[in-house]
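A short write-up of the structure that comes next.
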Amino acid sequence: MTNQNPETAPSAPSNFIRQIAAEDMQTGKFGGRLMTRFPPEPNGYLHIGHAKSICLNFGLADEFKGLCNFRFDDTNPSKEDIEYVESIMEDVHWLGFDWADRLYYASDYFERIYEHAVQLIKAGKAYVCDLNADQIREYRGTLTQPGKESPFRNRSIDENLDLFRRMRDGEFEDGSRVLRAKIDMSSGNINMRDPVMYRIKKEDHHRTGDKWRIYPMYDYAHPLSDSYEGITHSICTIEYEDHRPLYDWFLDELGIHHPQQIEFARLNMSYTVLSKRRLLRLVNEGHVSGWNDPRMPTLAGMRRRGYTPAAIRNFCERIGVGKKESLVDIALLEYCVREDLNKKAPRVMAVLRPLKVVITNYPEGQEEFLDAINNPEDPAAGTRKVPFSKELYIERDDFMEAPPKQFFRLAPGREVRLRYAYFIKCESVVKDERGEIKEIHCTYDPATRGGDAPDGRKVKATLHWVSARHAVGSEVRLYDALFTKDNPNDSGEGKDFTSYLNPKSVETLDRCYLEPGLKDAEPGDGFQFERLGYFCVDTADSKPGRPVFNRTVTLKDEWAKLQKASSK
RNA sequence: UGGGGCGUCGACAAGCGGAAAGUCAGCAGAUUUUGGAUCUGCCACUCCCAGGUUCGAAUCCUGGCGCCCCAGCCA
């Protein structure tokens, strides 16, 4: 166990991988050494599921005083792109992990991987097969029927060597030949039925250019890459469990350093999708604005949305690591985000759906500056001054002409507090010719300056507000879940996940008013808009002097819950 | 009569033969110049089911049942 004293070290829950690592360290299995790796393929942006893997691999290395390498698994040039390698590195750093000088690429090992293939051919363990893709599939058999051996399976070693060399030299067309491992066509495990090790692809690679005309398959390149780097624990997801015998086979046949592959269950989260294939479709079909759309579960999207690295790391710790398929409630992620932001985010007042309030007994043209606390959770954050004047904006939702009993906010004849300012009382409602509320007239009690009544009288609500004359205009985007179904992956007949896209996943409000201090907020800055939620300055669309805000997550809202319950 | 994996509260998840941890969600209350935060209490007589071993089983054994993954020259 890592924590002998749970009272002083309440952290890290136990999981089976930590246990294996702890045991291996104790028995000295790998010389008391631990090394992991995070091996993304640069064919898409990293998402929260990758964050789980990153936290696991880097976290384990940290915990056991080992190292975690960073490696691009770039063995398929047709799907990979430099844009992805750059975004991936940025995202891992942003999450808070560092690989120092241990940045590797599987493509850097191509020569060694090739030489090892030659070694397998010489040992009679690999052969060049001339069957085409369809034929290979046919010969492979099915889940219940064994496969048939390829007619090219027993070529001489010399012929194999010659053909493989010529594959490398580009003498043959794409798809005309492959190099296969000679294992067992009748294995119950289809991965062992003479799997393809190399295919011909006359395509340029983003790193090796036109040097290679053949590229190794994942199943062959991955164990070797792990081995070359001296990895001890090769952690991957559950779907590779069936590939482990093959991982072991290559390493055993070659007689080289043999890491232990360990599989864990990938993350699924409610109301979103976490597969690069599906995320790519959302991007390509224009359902979102890009990989970094704030609604995307990508690290780039969550960063732009205002999620913090600490919140995501914390989430990854809380969800645990196991082998069971699960669907984690997105409410847990949101809890982690609020937990972190509650401690850090400066409070500020912003009115999203404005309703004008005129304080009839407040002197025309007068203004005053009131003290406001920047963060009640953090006294060191200090205070600021906010301007008050005769005309203000409050939130439309904070006024009701005919309120139900549970509504505590402003209503005709009722008195409430304006945060850090005064008690005000609603005297009348002004409507336009269509009967819509245009503004409301209130009186204020000068004796309640700062928000307390000297006579001790209480109000049931405190509202946020912004002085009309001093307000900064802004656009604010309200984000909600991307999907309406908790698990969009399990789609019914003839449907796919896109049929559950939430049409209201974003609402743009462009007549919002902010307290003046927000005019110069920098892109990326995060705030709590009091009583509303956490918001951050959008990094793509903000202009100097006119910030655009993205809602990161709402505050918990008791009133909204009551409304929802009564509308059912 | 292919192979592999997994079943503990609504969602996650500890537990490793000796009284079913914890977190999120939910519910109730206290407190509050954010219907926020904070605090308190409640929320699995039972661990997919059935047998068996044992003084004692979520943990061990046997047999069922259910769910997931695999037939790319993707990773």
Side-chain angles (χ1 to χ4, degrees), chain A residues 6 10 13-15 19 39-41 43 73 75-76 78-80 129 131-133 136-138 140-147 174-180 186-193 195-201 214-215 217-219 221-222 236-245 263 265 270 276-277 318-336 338-339 342-343 347 349 373 376-377 406-409 417-421 423 448 450-452 458-464 486 528-533 554-562:
Chain A
S14 165
N15 69 55
Q19 286 180 3
E41 184 191 14
N43 69 342
D73 213 336
T75 55
N76 184 359
S78 27
K79 291 191 172 180
E80 296 154 9
C129 181
L131 258 22
N132 65 35
I136 286 184
R137 186 180 316 119
E138 210 182 302
R140 187 154 35 222
T142 69
L143 292 179
T144 52
Q145 293 166 323
D174 283 18
S176 62
R177 278 179 236 263
V178 293
L179 182 73
R180 294 226 253 168
S186 64
S187 172
N189 182 345
I190 290 179
N191 295 300
M192 300 300 269
R193 320 239 263 230
V196 173
M197 294 167 62
Y198 270 95
R199 73 284 216 189
I200 299 169
K201 246 183 208 291
I214 56 174
Y215 293 94
M217 300 288 290
Y218 167 88
D219 279 325
H222 202 85
C236 60
T237 48
I238 278 292
E239 65 270 27
Y240 291 103
E241 204 145 23
D242 287 348
H243 298 239
R244 192 172 64 227
E263 310 84 10
S270 60
K276 281 198 227 172
R277 205 199 97 240
R318 282 176 200 245
I319 57 176
V321 179
K323 300 190 71 159
K324 185 176 66 171
E325 184 183 67
S326 64
L327 184 66
V328 175
D329 193 341
I330 198 165
L332 180 58
L333 210 211
E334 293 182 340
Y335 172 83
C336 292
R338 291 189 188 104
E339 182 187 43
N342 177 49
K343 290 180 294 189
R347 271 60 168 174
M349 292 195 286
I373 293 165
E377 303 294 321
Q406 292 162 317
F407 186 85
F408 302 156
R409 283 107 98 143
R417 171 168 41 233
L418 292 181
R419 179 145 236 223
Y420 301 126
F423 282 13
T448 57
D452 275 313
K458 300 289 181 197
V459 288
K460 290 194 82 173
T462 299
L463 310 187
H464 60 277
D486 62 347
Q528 184 197 99
F529 288 181
E530 293 223 27
R531 303 207 306 134
L532 297 173
T554 60
L555 246 25
K556 270 173 67 179
D557 188 345
E558 207 62 37
W559 168 238
K561 205 188 281 178
L562 284 170

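Values reported hereafter were calculated over all heavy atoms of this structure, with side chains retained and with hydrogens, waters and symmetry mates removed. Lettering of chains follows the sequences in order, A, B, ..., and the numbering in each one begins at 1.
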Checklist line | Nearest-angstrom distance, P atom, B:U46 to B:A57 | finding: 14 Å
Note to self: Regarding A:Arg338, tell me which of base, sugar-phosphate or nothing describes its non-hydrogen contacts under 4.0 Å with the strands shown.
What the structure shows: nothing
Check: Can a donor-acceptor pair under 3.5 Å be found between the side-chain atoms of A:Arg409 and the base atoms of B:G35?
Finding: yes
Next item on the list: Identify, between A:Leu332 and A:Glu377, the residue whose nearest nucleotide on RNA chain B lies closer to the 5' end.
Entry: A:Leu332
Item checked: Base orientation of B:G29, syn vs anti, 90° cut from 0 -> anti
Next item on the list: May I ask which nucleotide in the shown strands pairs with B:U59, Watson-Crick or G-U wobble, both distances under 3.5 Å?
Entry: none
Margin query: Please report the distance, rounded to the nearest Å, between CD in A:Gln528 and P in B:U34.
Written below: 11 Å
Note to self: Strictly by Watson-Crick or wobble contacts shorter than 3.5 Å, is anything paired with B:A21, and which nucleotide is it?
What the structure shows: none
Notebook entry, point to check: Rounded to whole angstrom units, what separation is found between the CD atom of A:Glu530 and the P atom of B:U32?
Noted result: 18 Å
Margin query: Between A:Lys79 and A:Glu41, does any NZ, NE, NH1 or NH2 come within less than 4.0 Å of an OD or OE carboxylate oxygen?
Written below: no
Margin query: Once you apply a heavy-atom cut-off of 4.0 Å, does A:Tyr420 come out as touching a base, just sugar-phosphate, or nothing?
Written below: base
Check: Taking atom P of B:A11 as reference, at what distance in whole Å does atom CG of A:Leu333 sit?
Finding: 18 Å
Notebook entry, point to check: For the pair made of CD1 in A:Ile373 and P in B:A37, what is the distance, rounded to whole Å?
Noted result: 17 Å
Next item on the list: Provide the distance between the two P atoms, one in B:G3 and one in B:G63, to the nearest whole Å.
Entry: 15 Å
Check: Under 4.0 angstrom, heavy atoms only, what part of the nucleic acid is A:Glu263 near: base, sugar-phosphate, or nothing?
Finding: nothing
Check: Base, sugar-phosphate, or nothing: which does A:Phe529 touch, judged by heavy atoms less than 4.0 Å apart?
Finding: nothing
Checklist line | Sugar-phosphate only, base, or nothing, as touched by A:Leu555 at under 4.0 Å among non-hydrogen atoms | finding: base
Next item on the list: Assign each of A:Arg419 and A:Val328 to its nearest nucleotide of RNA chain B by heavy atoms, then name whichever residue's nucleotide is nearer the 5' end.
Entry: A:Val328
Next item on the list: Over 60° means perpendicular and under 30° means parallel, so classify the ring planes of A:His243 and A:Tyr218, tilted if in between.
Entry: perpendicular
Checklist line | Value in whole Å for how far the C1' atom of B:A37 lies from CZ of A:Arg531 | finding: 15 Å
Next item on the list: Scan every strand shown for a Watson-Crick or G-U wobble partner of B:U54, both distances under 3.5 Å, and answer none if you come up empty.
Entry: none
Item checked: Rounded P spacing from B:G7 to B:C60 in Å -> 12 Å
Notebook entry, point to check: Where does B:C60 fall, syn or anti, if syn means a chi angle no more than 90° from 0?
Noted result: anti
Item checked: Nearest-Å distance once atom C1' is located in both B:A75 and B:G18 -> 47 Å
Note to self: Could you tell me how far apart A:Glu558 (CD) and B:A30 (C1') are, to the nearest whole angstrom?
What the structure shows: 14 Å
Item checked: Nucleotide forming a Watson-Crick or wobble pair with B:G29, both distances under 3.5 Å -> B:C39
Next item on the list: For A:Phe408, answer base if it contacts any base atom (sugar-phosphate contacts may also be present), sugar-phosphate if it contacts only those atoms, and nothing otherwise; contact means non-hydrogen atoms under 4.0 Å.
Entry: base
Note to self: Test your reading of the model: is there a side-chain donor-acceptor pair from A:Arg338 to the backbone of A:Thr554, 3.5 Å cut-off?
What the structure shows: yes
Notebook entry, point to check: P atom, B:C65 versus B:A50: distance in rounded Å?
Noted result: 15 Å
Next item on the list: Determine the Euclidean distance between corresponding P atoms of B:G4 and B:U8; express it in Å to zero decimal places.
Entry: 22 Å
Check: Checking all strands, does A:Thr144 fall into the base, sugar-phosphate, or nothing category for heavy-atom contacts under 4.0 angstrom?
Finding: base
Next item on the list: Classify every nucleotide of nucleotides 64-75 of chain B by which part a protein heavy atom approaches to under 4.0 Å, writing B for the base, S for the sugar-phosphate alone and - for neither, in 5'-to-3' order.
Entry: ----SBBBSBBB
Next item on the list: Could you measure between the two P atoms, the one in B:U23 and the one in B:C70, and give it in whole Å?
Entry: 37 Å
Check: Just to confirm, is there a sub-4.0 Å distance from OP1 or OP2 of B:U8 to any side-chain nitrogen or oxygen of A:Lys324?
Finding: yes
